[in-house]
2 protein chains.
Amino acid sequence: MSSNTDKRKAAQALAAATARDVRTPAVEVGPLANMVGYALRRAQLAVFDDVIANFADLELRPAQYSVLVLLGKSPGLKQSDVAAALGIQRANFVVLFDGLERRGLARRLSTPNDRRSYALYLTEAGEKVLARANELESRHEARLDAKLGPGGREQLLALLSKLAARD
Amino acid sequence: MSSNTDKRKAAQALAAATARDVRTPAVEVGPLANMVGYALRRAQLAVFDDVIANFADLELRPAQYSVLVLLGKSPGLKQSDVAAALGIQRANFVVLFDGLERRGLARRLSTPNDRRSYALYLTEAGEKVLARANELESRHEARLDAKLGPGGREQLLALLSKLAARD
DNA sequence: GTTATTTTGTAGTTTTGAATAACAATTATA
DNA sequence: TATAATTGTTATTCAAAACTACAAAATAAC
């Protein structure tokens with residue numbers, strides 16, 4: 001059912017990722033090049049293109065992958081927790097998780113403590129997909145490390161966390 | 001976009017910027033924190049929130065600002081050039097520029113050489129808005145510098161350009 | 001213990017950004 | 001000259017995200 005459209009979407013994403021042309025533009029971007037926001041966005045788009053192409057055959061979007069990772073590490077979280085941790089709106093997380101559940105990768109279990117909320121878990125299939133995704137992810141990170149050079153990742157992560165921090 | 005809806009959108013953006021809660025989440029994000037893509041996205045969202053709030057009273061989106069900057073630096077560019085330099089699709093740039101033109105900030109002039117294309121210029125009003133935006137922007141960058149610490153900006157820009165570079 | 005407030009998940013709508021296809025006019029090339 | 005490529009454009013689609021409103025359940029206040 002959704003597998004057809006999912007395949008198409010994955011193909012689209014792959015095409016977009018390989019087609020996007022981020023080479024140094026012929027026109028000088030001038031002052032923009034010194035603006036952190038501009039550089040940040042350009043880098044984020046390039047990295048996400050790589051991630052999306054990387055996960056294309058698993059049909060996993062970055063946001064979906066991050067949910068799997070979180071549930072793999074901390075099973076039993078409730079929707080609000082995961083959504084808040086990832087900076088996703090509660091309402092939008094429902095749709096996102098519905099997709100994972102429909103594909104049999106994760107499930108909602110009702111908890112005895114609180115009858116409003118669900119405890120979220122990966123299924124067997126979800127664990128398997130996560131394992132494969134982690135494999136691909138580590139190769140992706142290795143590619144980035146090659147670009148960043150020795151010590152680059154640590155430097156970059158430290159700087160980015162300073163930017164993301166709320167005063 | 002009419003000026004009415006623009007005002008509303010600016011207000012929305014401001015509200016969203018101040019309302020978004022990116023504090024260290026209660027739930028441990030674990031392995032995600034070591035992934036460059038995740039850190040990059042979190043930082044980009046935080047910085048863009050600041051930019052959007054920063055430009056709220058000018059009713060300028062980051063993409064619109066970048067067009068003004070480019071035309072301020074290199075007047076007479078054609079649409080394809082600007083779009084390519086900013087990584088925007090030709091088709092989507094039309095709408096973006098329509099907005100600037102309707103607000104009287106920029107204009108299309110036909111060129112004698114090539115009757116297909118337009119040469120793009122800022123208007124007087126556009127120059128003024130750009131000047132005010134640059135003012136705000138430099139304060140924004142100063143805020144980021146305070147977060148990044150001495151030498152942080154140079155390090156960060158160097159690392160980000162490595163990531164954005166097409167092999 | 002009842003009332004008020006907060007939390008949680010949900011549905012539906014809207015906005016935004018970006019991708020894509022198709023097209024006409026013009027220019028470049030074979 | 002015939003063919004191909006470029007430029008701007010319109011319209012459609014899609015995915016992310018934001019917002020509102022709501023019902024059920026838990027918690028706090030009284």
Side-chain angles (χ1 to χ4, degrees), chain A residues 2 5-6 8-22 26 41-42 44-45 48-49 52 59-64 66-67 77-84 86-99 101 108-120, chain B residues 1-2 5-22 26 41 44-45 48-49 52 59 61-64 66-67 77-84 86-99 101 108-120:
Chain A
S2 72
T5 63
D6 274 356
R8 187 174 51 78
K9 283 173 195 167
Q12 278 182 357
L14 181 58
T18 55
R20 198 197 299 273
D21 197 342
V22 196
R41 173 152 173 75
R42 281 318 197 88
Q44 192 244 314
L45 285 180
F48 262 54
D49 276 354
I52 292 170
E59 295 174 24
L60 269 190
R61 306 278 313 172
Q64 297 174 316
S66 65
V67 172
L77 291 175
K78 58 185 172 184
Q79 297 189 175
S80 318
D81 291 339
V82 179
L86 297 179
I88 301 173
Q89 301 282 125
R90 226 160 65 251
N92 296 330
F93 183 83
V94 174
V95 184
L96 172 53
F97 196 83
D98 283 349
E101 198 172 38
R108 297 168 160 98
L109 294 189
S110 30
T111 90
N113 316 335
D114 190 333
R115 286 185 304 174
R116 292 171 301 180
S117 62
Y118 299 110
L120 306 182
Chain B
M1 317 173 176
S2 75
T5 63
D6 273 358
K7 284 228 178 73
R8 186 174 50 78
K9 282 174 196 169
Q12 278 182 357
L14 182 58
T18 55
R20 198 198 298 273
D21 197 342
V22 196
R41 173 152 173 74
Q44 192 244 312
L45 284 180
F48 262 54
D49 276 353
I52 292 170
E59 295 174 24
R61 307 278 313 173
Q64 297 175 315
S66 65
V67 172
L77 291 176
K78 57 185 174 185
Q79 298 190 177
S80 318
D81 291 338
V82 179
L86 298 179
I88 302 172
Q89 301 285 124
R90 223 160 68 251
N92 296 329
F93 183 83
V94 173
V95 184
L96 172 53
F97 195 82
D98 283 349
E101 198 172 37
R108 297 167 159 99
L109 294 189
S110 30
T111 91
N113 317 334
D114 191 333
R115 287 186 304 176
R116 292 172 299 182
S117 62
Y118 298 111
L120 306 183

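Below, chains carry the letters A, B, ... as their sequence lines are ordered, and counting in each starts from 1. Only this structure's heavy atoms are used, side chains among them; waters, hydrogens and symmetry mates stay out.
- D/dT10 atom P lies 7 Å from atom CG of B/Asp98, rounded to whole Å.
- Residue A/Arg41 places its side chain closer to C/dA18 than to any other of C/dG17, C/dG9, C/dA18.
- Across every non-hydrogen atom of A/Arg90 and A/Ser80, the tightest pair is CD-OG, 4.1 Å.
- Residues passing the side-chain hydrogen bond (donor to acceptor under 3.5 Å, both in side chains) test with A/Gln79 are A/Arg108, sequence neighbours excluded.
- Rounded to an integer number of Å, the gap from A/Gln64 CD to D/dA15 C1' is 11 Å.
- Base contact: B/Gln89 has a heavy atom under 4.0 Å from a base atom.
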Give every pair of a protein N or O atom and an N or O atom of nucleotides 27-30 of chain C that lie under 3.5 Å apart, one pair per line with the distance.
residue: C/dT27; atom: OP1; partner: B/Arg115; partner atom: N; Å: 2.9
residue: C/dT27; atom: OP2; partner: B/Arg115; partner atom: NH2; Å: 3.4

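- One interatomic measurement links the two molecules: CZ of A/Arg90 to P of D/dC22, which rounds to 15 Å at whole-angstrom precision.
- Computed from coordinates, the A/Asp81 CG to C/dT7 P distance equals 13 Å when rounded to whole Å.
- Across the protein-nucleic acid pair, A/Gln44 atom CD and D/dA16 atom C1' stand 12 Å apart, rounded to whole Å.
- Residue B/Leu86 contributes atom CG, which lies 13 Å from atom P of C/dA19 at whole-angstrom precision.
- Judged by closest nucleotide on DNA chain C, A/Ala119 is the one of B/Ala63 and A/Ala119 placed further toward the 5' end.
- Proximity note for A/Asn92 (side chain, C-beta onward) versus C/dG12, D/dT7, D/dA18: the nearest is D/dA18.
- Counting heavy atoms from C-beta outward, B/Leu120 and B/Lys78 have side chains that stay 4.5 Å or more apart.
- Close to C/dT10, at under 4.0 Å from its OP1 or OP2, lies a side-chain N or O of A/Gln79.
- Going from atom CZ of A/Arg41 over to atom CD of B/Gln44 covers 5.5 Å, rounded to the nearest 0.5 Å.
- B/Gln89 meets the side-chain hydrogen bond (donor to acceptor under 3.5 Å, both in side chains) test with no other residue; sequence neighbours excluded.
- For the pair B/Ser117 and D/dT6, the criterion of a side-chain N or O lying under 4.0 Å from OP1 or OP2 is not met.
- With the end axes of the helix from C/dG1-D/dC30 to C/dA30-D/dT1 each set by five pairs, the angle from one to the other reads 20° at 10° resolution.
- Interatomic distance, CG of A/Asp81 versus CG of A/Leu86, reported as 10.5 Å (0.5 Å rounding).
- Across all strands, A/Phe93 comes closer than 4.0 Å to no nucleic acid atom at all (heavy-atom distances).
- Comparing C/dT10, D/dT7, D/dA16 by their nearest atom to the side chain of B/Lys78 picks out D/dT7.
- Here C/dT10 presents its P atom at 8 Å from CD of A/Glu101, a figure rounded to the nearest Å.
- A/Asp114 pairs by the side-chain hydrogen bond (donor to acceptor under 3.5 Å, both in side chains) definition with A/Arg116, not counting sequence neighbours.
- Atom CZ in B/Phe97 sits about 19 Å away from atom C1' in C/dG17, given to the nearest Å.
- Listed pair B/Arg61 / C/dG17 meets the phosphate criterion, a side-chain N or O lying under 4.0 Å from OP1 or OP2.
- Residue B/Thr111 comes nearest to B/Ser117 through the heavy atom pair CG2-O, 3.9 Å, listed as atom of the first residue, atom of the second, then distance.
- By the ring pair (Phe, Tyr, Trp, His ring centres under 6.0 Å) test, B/Phe93 is found to be paired with B/Phe97, residues two or more places apart in sequence or in another chain being considered.
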